[in-house]
Protein chains: 2
Amino acid sequence: MLEDKTKIFKALSDPNRLRIIKALQTKVLCVCEIRELLQLANSTVSQHLSILKEEGFIIEEKSGKWVNYSINPRPSDPRISAILSTIDFWIGDDSVIVSDKKKIFSLDRMMICC
Amino acid sequence: MLEDKTKIFKALSDPNRLRIIKALQTKVLCVCEIRELLQLANSTVSQHLSILKEEGFIIEEKSGKWVNYSINPRPSDPRISAILSTIDFWIGDDSVIVSDKKKIFSLDRMMICC
DNA sequence: AAAGTATTTCGTCTTTTACCGAAATGTTCT
DNA sequence: AGAACATTTCGGTAAAAGACGAAATACTTT
């Protein structure tokens, strides 16, 4: 189905999801760290993550009470690999991405998650 | 703005727009030929075309009472060039695309357009 | 100038998407 | 087992997207 082929583009059509991909290329993060970065509700972040996971961009790994999200190191779909390795070409050096990158290093899940 | 960077993906997020791009890679077409191919209302096709034109995927050339649409031969945005030259990688050989390709050659704007 | 045809614009409707807060789930720690 | 915390799922809302038909526009031809 052609409709299915559009899913990869739909996943990339949201600025917050692009920020998540770029953030995870910098560092493995849990949901609440991403929530802190994007300033969205927890449930909204979770929803974005499930879309990115469904498409194969990212993977999750449970670790205690946290769920760590990271870039999928071996996507089965070559289109996903292609996007992940050329993401900067597609989104350029956006100012939001740059400031996100700085902020990521100051995130401390012990402090953030109540 | 990061939001602007997503526009290219939004444009590619609709199956009908992907069909239009592939169709125009086969042949220059006018609005009513595309309407016939996609079986959509004229106004809907026009809307899709304006989105693709806005993003730089296609160009229009008025020719008498017709408006011919074709693939932009020299996109200013390298991302558009990249997509256009690798479109098959992204959407594969979908059955709809294949049948579209056959149908395109039988389209006759003189017959179609009342 | 008027009629005819191709296309675009406009108003409206329906579906989808992004978001939130609350409730439910799963895990850890006491 | 129960409290505490991270995350997901659920229900609902507002905005965006895709569709249509009718009206407006643009160009040709008579």
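Within every chain, numbering begins at 1; the chains are lettered A, B, ... in the order of the sequence lines, protein sequences first and strands thereafter. Model, not experiment: these values are computed from the prediction.
- The distance between atom CD of Glu3(B) and atom C1' of dA18(C), rounded to the nearest whole Å, is 11 Å.
- If you measure from atom CZ of Arg35(B) to atom C1' of dT5(C), you get 12 Å, rounded to the nearest angstrom.
- Nearest nucleotide to the Ser46(B) side chain, out of dT8(C), dC20(D), dA6(D): dT8(C).
- A donor-acceptor pair is defined here as one N or O able to donate and one able to accept, closer than 3.5 Å; no such pair exists between the side chain of Arg35(A) and the backbone of Asn42(A).
- When every heavy atom of Leu37(B) is checked against every heavy atom of Leu107(B), the shortest pair comes out as CB-CD1, 4.4 Å.
- In the set dC19(C), dA18(C), dC20(D), dC19(C) carries the atom at the smallest distance from any side-chain atom of His48(A).
- Between Trp66(B) atom CH2 and dT8(C) atom P the separation is 14 Å, expressed in whole Å.
- For Lys65(A), counting side-chain heavy atoms from C-beta on, the closest listed nucleotide (dG18(D), dA17(D), dT28(C)) is dT28(C).
- Counting to the nearest Å, the C1' atom of dG18(D) and the CG atom of Leu18(B) are 14 Å from each other.
- For Tyr69(A), taking side-chain heavy atoms from C-beta onward, the closest of the listed nucleotides dT9(C), dT7(D), dG21(C) is dT7(D).
- For the atom pair CD (Glu60(A)) and CG (Leu52(A)), the distance works out to 12.0 Å, reported to the nearest 0.5 Å.
- Mapping Cys32(B) and Ser63(A) onto DNA chain C via the closest heavy atom, the residue that lands nearer the 5' end is Cys32(B).
- Each of Lys22(A), Lys27(A), Arg19(A) was compared with Asp100(A) under the salt bridge (Lys or Arg N to Asp or Glu O under 4.0 Å) criterion, and only Arg19(A) meets it.
- Under the 4.5 Å side-chain heavy-atom criterion for grouping Ile, Leu, Val, Met, Phe, Trp and Tyr, Val98(B) is not connected to Ile20(B) through any hydrophobic cluster.
- For Thr44(B), no side-chain nitrogen or oxygen approaches OP1 or OP2 of dG18(D) to under 4.0 Å.
- Protein atom CG of Leu38(B) is 13 Å distant from nucleotide atom P of dG18(D), rounded to whole Å.
- Between Arg109(A) atom CZ and dT27(C) atom P the separation is 16 Å, expressed in whole Å.
- Following rounding to the nearest Å, Leu49(B) (CG) and dA19(D) (P) show an atom-to-atom distance of 12 Å.
- At a threshold of 4.0 angstrom between heavy atoms, the contacts of Glu60(B) are confined to the sugar-phosphate backbone, with no base atom among them.
- A heavy-atom distance below 4.5 Å is not found between the side chains of Asp93(B) and Ile97(B).
- Not one side-chain nitrogen or oxygen of Ser43(B) sits closer than 4.0 Å to the OP1 or OP2 atom of dC20(D).
- The closest donor-acceptor contact from the side chain of Thr86(A) to the backbone of Ala82(A) lies under 3.5 Å.
- Proximity note for Asn42(A) (side chain, C-beta onward) versus dG18(D), dC20(D), dT8(D): the nearest is dT8(D).
- Taking both residues in full, the closest heavy atoms of Asn68(A) and Cys30(A) are given as OD1-CB, 4.1 Å, listed atom of the first, atom of the second, then distance.
- When the C1' atoms of four end pairs are superposed on the next four at each end of the helix from dA1(C)-dT30(D) to dT30(C)-dA1(D), using five pairs per end, the two resulting axes differ in direction by 20°, to 10°.
- Counting to the nearest Å, the C1' atom of dT7(D) and the CG atom of Asn68(A) are 12 Å from each other.
- Out of dC20(C), dT28(C), dT8(D), the shortest distance to the side chain of Val67(A) is found at dT8(D).
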